[in-house]
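Written below as structure tokens is the structure these notes are about.
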There are 2 protein chains.
Amino acid sequence: MHLFWEHGYEATSLAMLREAMGLTPPQIYNAFTDKETLFRKALTRYHETEIGFALDALSAPVPTREAIRRLLQGAAEAYSRPGKPGGCLFVSGALAASPQAQAIADELKAYRKASEAAIAERLAKGQAASDLPEGFSVESFAKYIAGVMNGMSIQARDGASADELRIMAQTALAALPPEEQKRGA
Amino acid sequence: MHLFWEHGYEATSLAMLREAMGLTPPQIYNAFTDKETLFRKALTRYHETEIGFALDALSAPVPTREAIRRLLQGAAEAYSRPGKPGGCLFVSGALAASPQAQAIADELKAYRKASEAAIAERLAKGQAASDLPEGFSVESFAKYIAGVMNGMSIQARDGASADELRIMAQTALAALPPEEQKRGA
DNA sequence: TAGGTTTCGTATCGATCACTATGGATAACT
DNA sequence: AGTTATCCATAGTGATCGATACGAAACCTA
């Protein structure tokens, strides 16, 4: 998983995987069928072990603004963990791919779209609860938040520290409309 | 250039380049020495022909906030031009690379760092001209703006329209402190 | 302990990578 | 016109890709 995270799907060779896992090629193919299946296994593992902060943030019983704040701060942490590759596997895994790996690139794109959709869903919930103004465009803002997280992923890959990412998250949050008074019945 | 832009450095094979340029391999090597040199040629061409908006925005004699607005809106346009690959070559070219292509990845990273530095320089100028508050951290905000642009690049690659990118740019701009009154002498 | 079976690592498969040597066709000069 | 020289596309180089066939070793059964 770390190799795919660091080098992306195509640039990670079986020789690297073999050395890292201490397995012979037939063992790898017995266990994972082929490289593509192995990558998908790594994706689900990444989703389960590294991305929990996102679900936690979006499902926490807190005001919308606080949920988004937790989401961005969580990303700042997750994208800069010591001993782990910088950024997000969903971004680094295959941003640009050869025609043969188009299926992998599309799958990662689907993960990113799903993240954006989850944010939009949380924002819509916030709007329903009057946490957000009525004229507020849920889809547009979700695209902004998801985009900022993708940008943080690249900044992390370029060496940004956890502190720098936290500040970037805080700055991004300033674009959110200020907490609104609950509109009473 | 379009091939590298679309598929990235490593995933673009000489066979694809050969077909696209209508040249035989020896012609390519006579003209460009090797693949790496060809890619660097494409990089400088991209910088000259597609990225002019950035220099224009940062050097225009306008208030700082307006300069940043032009920068982000220009990115929205440049990253979603019909007939061109989505996003920015500096991001898509080699975000994740094999160990052999580390030099290329480092060069692209240097381009991204240079963009961020240019933004920081413009912000510092704005601070000196009292366009921005004194406590304002130029470096942090430059990292945010550069990060947002990188994020827009990924959103564009994921199919975001020019309008959607423009809205994202507008949203990001809201994080900038409001225009300050000039502190008179 | 002998035989049969299964497992497992080495050595290699065809395909493709970036790159280049060579033969044939063209051009140039006397 | 004849001879030489120059160019240039085809064909192929070693290396590496993802994926596997085969021989040896180990193990279970008789």
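Below, chains carry the letters A, B, ... as their sequence lines are ordered, and counting in each starts from 1.
In this structure, CD1 of B:Ile28 is placed 17 Å from C1' of D:dC7, rounded to the nearest angstrom. D:dC17 atom P lies 12 Å from atom NE2 of A:His7, rounded to whole Å. With rounding to whole Å, A:Gln100 atom CD is found 12 Å from D:dA19 atom P. The nearest whole Å value for the distance from the CZ atom in A:Arg18 to the P atom in D:dA19 is 15 Å. Put simply, NZ on B:Lys35 is 16 Å from P on C:dT16, counting in whole angstrom units. Atom CZ in A:Phe39 sits about 13 Å away from atom P in D:dG18, given to the nearest Å. Put simply, CG on A:Leu17 is 11 Å from P on D:dA19, counting in whole angstrom units. For A:Asn30 and C:dG9, the CG to P distance is 10 Å, given to the nearest whole Å.
Looking only at distances, no side-chain donor or acceptor of A:Thr37 sits under 3.5 Å from a matching main-chain atom of A:Thr33.
For A:Gln27 and C:dG9, the shortest distance from a side-chain N or O to OP1 or OP2 is below 4.0 Å. In this model, the phosphate group of D:dC8 is not approached by any side-chain N or O of B:Thr24 to a distance below 4.0 Å at OP1 or OP2.
Residue contacts shown for A:Asp34 are limited to sugar-phosphate atoms, with no base heavy atom under 4.0 Å away. Counting non-hydrogen atoms under 4.0 angstrom, B:Thr12 reaches the backbone sugars and phosphates but no base.
More than 12 heavy atoms of other residues, nucleotides or ligands lie within 6.0 Å of CD in B:Gln27, so this atom counts as buried by the packing criterion.
Taking 4.0 Å as the cut-off between side-chain N and carboxylate O, A:Lys109 and A:Asp106 do not count as a salt-bridged pair.
A ring pair (Phe, Tyr, Trp, His ring centres under 6.0 Å) with A:Phe90 holds for exactly one of A:Phe4, A:Tyr46, A:Tyr79; it is A:Tyr46.
The residue among A:Pro26 and B:Tyr29 whose nearest nucleotide of DNA chain C lies closer to the 5′ end is A:Pro26.
Counted by atom type alone, A:Gln127 and A:Asp131 present zero donor-acceptor pairs between their side chains at under 3.5 Å.
In this structure, the nucleotide among C:dA18, D:dC17, C:dT10 sitting nearest to the side chain of A:Ser13 is D:dC17.
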